[in-house]
Amino acid sequence: MTNFRQSPPDKRASSRGSALIAILWVVGLLSIAVFSATQFMFVDLEAESNSNSMFRAEQMADRGIAVATDVNVKNGDPVLRQNFPSAQNFFAQISSEGERLNLNSLLENPEEDRMVLEELFTRWGLRFDQATDVVDNLIDWVDDDDLPTNLGAELPYYIGIDRPHHPFNRPFESLSEVELVNGFDVVMAINPNWKDSFTILSSGELDLNEAPAELIAVTCEVGMAQAELLVEVRDGLDQIRGTDDDQKFETVDVALETLGIPEGFRDRISDRVTVEDNVKRIISVGRSGDVVVERIATIQYTGEAGQILQWSTRRIE
Ligand SMILES: [Ca+2]
Ligand SMILES: [Ca+2]
């Protein structure tokens, strides 16, 4: 009897137990479903927040460019660095496009100016005969004839290597085109950052108020010690270019005198240099939260009016 009486409650307990397990399963499955849905929602929200941050960072960078394009604003002016709520800020810098060598200008008068390129390439580590060959090829790429310069490469040579549409026989339209020139790969191999020394957007001359010592030395046909001395004088006490204490040269003649070039030799150099290029490069970095964007605008000024020559954007962080 005792066993009989005890038996039904056990069955009820067992069926209640099974129901409980079933409910726990359902709750478990629901939790997984809710968790997954929430996860999808988080991923969506995160993607939306990233694209918002990207948009805001670009807006910040644009503000920097807008401020820096005011011709009265110079490097070091506090307006070029501004902070805003919600971890948003920008920092803009202005530099002269003439701080680099204008490759098209140097190839316009190869008789006078080819030595600038040969000197630079040998300084980077090419043998003189290698440098001469590369410069011959560069000249032939842009000159409008089909006659090889010394051992240069013109149409017949490129046909021979199955490139019948080269050379272009016109000035370079981008620095990427330079990589197509026969033999230029030796320059790229010896200096992968070669593009940092060149431009095709400047007015033409090297800006002695902004160029690095190496480019001043090869352009002005002086030693590195003389070029470094000019940079030391120019960059002021803090030795940083683009700050308040810079000693900018007012005239090319004064700069060439500082380089120790005798008066009689200055004429042949002065065509290659300037102390002010009206083409400026503005680099503006905008941040919104964790997203950082760099915009570069190259702008040509006529008086206070600027015309954008090139515009690029990249995400840094
Ligand atoms: Ca040619
Ligand atoms: Ca030629």
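Counting starts at 1 for both ligands and their atoms, following the listed order.
- Distance check for I139 against the Ca ion (ligand 2): none of its N/O/S atoms falls below 3.0 Å.
- By the 4.0 Å N-to-carboxylate-O rule, E210 lies too far from R234 to be salt-bridged with it.
- Checked against the Ca ion (ligand 2), the N, O or S atom of D140 at the shortest distance is OD1.
- Minimum-distance N/O/S atom of D145 relative to the Ca ion (ligand 2): OD1.
- For F84, the CZ atom is densely surrounded, since the number of other residues' heavy atoms within 6.0 Å is greater than 12.
- In E154, the N, O or S atom that comes nearest to the Ca ion (ligand 2) is OE2.
- Atoms CD and CD1, from E228 and I216 in turn, are 10.0 Å apart once rounded to the nearest 0.5 Å.
- Salt bridge present: R295 and D62 bring a charged side-chain N and a carboxylate O closer than 4.0 Å.
- Across all non-hydrogen atoms, the minimal contact from A131 to T122 is CB-CG2, 3.8 Å.
- Seen from the Ca ion (ligand 1), atom O on D143 and atom OD1 on N169 lie at an angle near 70° (rounded to 10 degrees).
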